[in-house]
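Working notes for the structure below.
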Amino acid sequence: DAGVIQSPRHEVTEMGQEVTLRCKPISGHNSLFWYRQTMMRGLELLIYFNNNVPIDDSGMPEDRFSAKMPNASFSTLKIQPSEPRDSAVYFCASAPSLGSSDYTFGSGTRLTVV
Amino acid sequence: GQQLNQSPQSMFIQEGEDVSMNCTSSSIFNTWLWYKQDPGEGPVLLIALYKAGELTSNGRLTAQFGITRKDSFLNISASIPSDVGIYFCAGRPSGGDSNYQLIWGAGTKLIIKP
C-alpha cells in the first residue's frame, strides 16, 4: 500500500483565495482525521470521519473551513476564503477503526497564504 | 480541555548517548502512544501501550505506561544520527465522550551534536 496520500505537498496562495487540500486514505481504513500543525499550537485535530460520516468537527477553527468525504477513498479540506493565519502544515491520517491507535499519517500539505 | 505536558521541549545530545523523555497528564489515560516525526513528513507510530505498568521495546526504544496511568516515558539507548526528529506522545483519556480523540503532547525535538 502506498500509505496515506496527500496533495498538493506545497500550496502558496493569496489571501482571499479558495484552497482545497486532498487526501486518499489507506484502503480498508474506516476512520480519517484532518490535523493542522503549527509551531505555536502543535498538532490540532480539526475534524474526523468514520465510514465517510463526519463525527466531530469541533476542532474546525471557523466557518471558512469545511471538509467532505464523498467516498471511502477520498476526502477534501477546503478553506474559503483563506487568510495568512491559516498558514500551517495540514495532515491527513487514517486508521482501521475509530478506536484504533495505529494512525497512519500522510506527508502533509504545507500551506502558505500571503 | 485535556492537555499533555511533554518534556523536555528539546534535547541536544552526543551520538551514542541515551535519551529519556516523558509525558504527564492531569487525568487518567487508557492508551499511551509514542510517535516520531521526521522533517517534511507526518508522525509515525513507534510504540503503543495499553496497560498500566506495561513496558514495551522496539529496537533501541523502550516506553512505559505509568502505574498511575497519568504518565509515560520513552527511552532511546545509544542514539544514532537517524534518531534526530520530533518525538510526540499521545494518549486517549479514559471515559467520557472524547474516547476516540487522541490528545497530543507538544513534542520533544531531538538534536544530535556532531
Side-chain angles (χ1 to χ4, degrees), chain A residues 1-10 21 23-26 29-51 53-60 88-111, chain B residues 1-10 21 23 25 29-52 54 56 58 63 65 69 72 74 85-109:
Chain A
D1 198 318
V4 175
I5 300 173
Q6 289 186 247
S7 65
R9 284 298 308 268
H10 302 274
L21 312 180
C23 175
K24 177 177 166 48
I26 289 177
H29 278 194
N30 295 321
S31 301
L32 183 141
F33 307 81
W34 280 101
Y35 281 86
R36 177 171 69 177
Q37 186 177 37
T38 61
M39 289 290 291
M40 290 295 294
R41 300 173 70 91
L43 271 167
E44 301 175 275
L45 177 64
L46 300 177
I47 185 172
Y48 61 97
F49 296 82
N50 193 51
N51 294 323
V53 176
I55 303 299
D56 187 345
D57 66 353
S58 60
M60 298 284 258
V89 181
Y90 291 81
F91 287 103
C92 173
S94 70
S97 65
L98 211 51
S100 172
S101 301
D102 193 3
Y103 288 23
T104 300
F105 282 79
S107 297
T109 295
R110 180 173 292 277
L111 174 65
Chain B
Q2 299 272 8
Q3 287 192 339
L4 289 183
N5 293 313
Q6 185 171 351
S7 64
Q9 189 173 11
S10 60
M21 60 191 78
C23 263
S25 67
F29 278 35
N30 60 26
T31 302
W32 282 100
L33 309 165
W34 286 93
Y35 283 78
K36 182 193 178 197
Q37 184 176 24
D38 289 324
E41 298 296 331
V44 173
L45 181 64
L46 299 174
I47 295 178
L49 303 160
Y50 300 104
K51 288 172 55 176
E54 181 179 352
T56 298
N58 178 2
F65 192 137
R69 297 173 65 190
S72 177
L74 175 71
I86 303 176
Y87 291 81
F88 290 97
C89 64
R92 184 168 282 121
S94 181
D97 294 334
S98 300
N99 270 348
Y100 299 121
Q101 288 195 33
L102 290 183
I103 309 299
W104 292 82
T108 295
K109 188 172 185 178

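Just so we're clear, the structure is a prediction, and the values are computed from it rather than from any experiment. Convention: sequence-line order gives letters A, B, ...; per-chain numbering from 1.
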Relative to chain B, which segment of [X] carries a heavy atom at a distance below 4.5 Å: side chain, backbone, both, or neither?
X: A/S100; value: backbone
X: A/F91; value: side chain
X: A/Q37; value: side chain
X: A/R9; value: side chain

Pick from B/A48, B/P43, B/G42, B/G40 with the largest number of heavy-atom pairs that fall under 4.5 Å of chain A: B/P43
Any donor-acceptor N or O pair under 3.5 Å, side chains A/D56, A/S58: yes
Side-chain donor-acceptor contact under 3.5 Å, A/S31 with A/N50: yes
Parallel, tilted or perpendicular, as decided by the 30° and 60° cut-offs, for the rings of B/W32 and B/F29: parallel
Close side-chain approach of A/W34 and A/M60, heavy atoms under 4.5 Å: no
B/Y87 backbone acceptor or donor facing B/Q6 side chain under 3.5 Å: yes
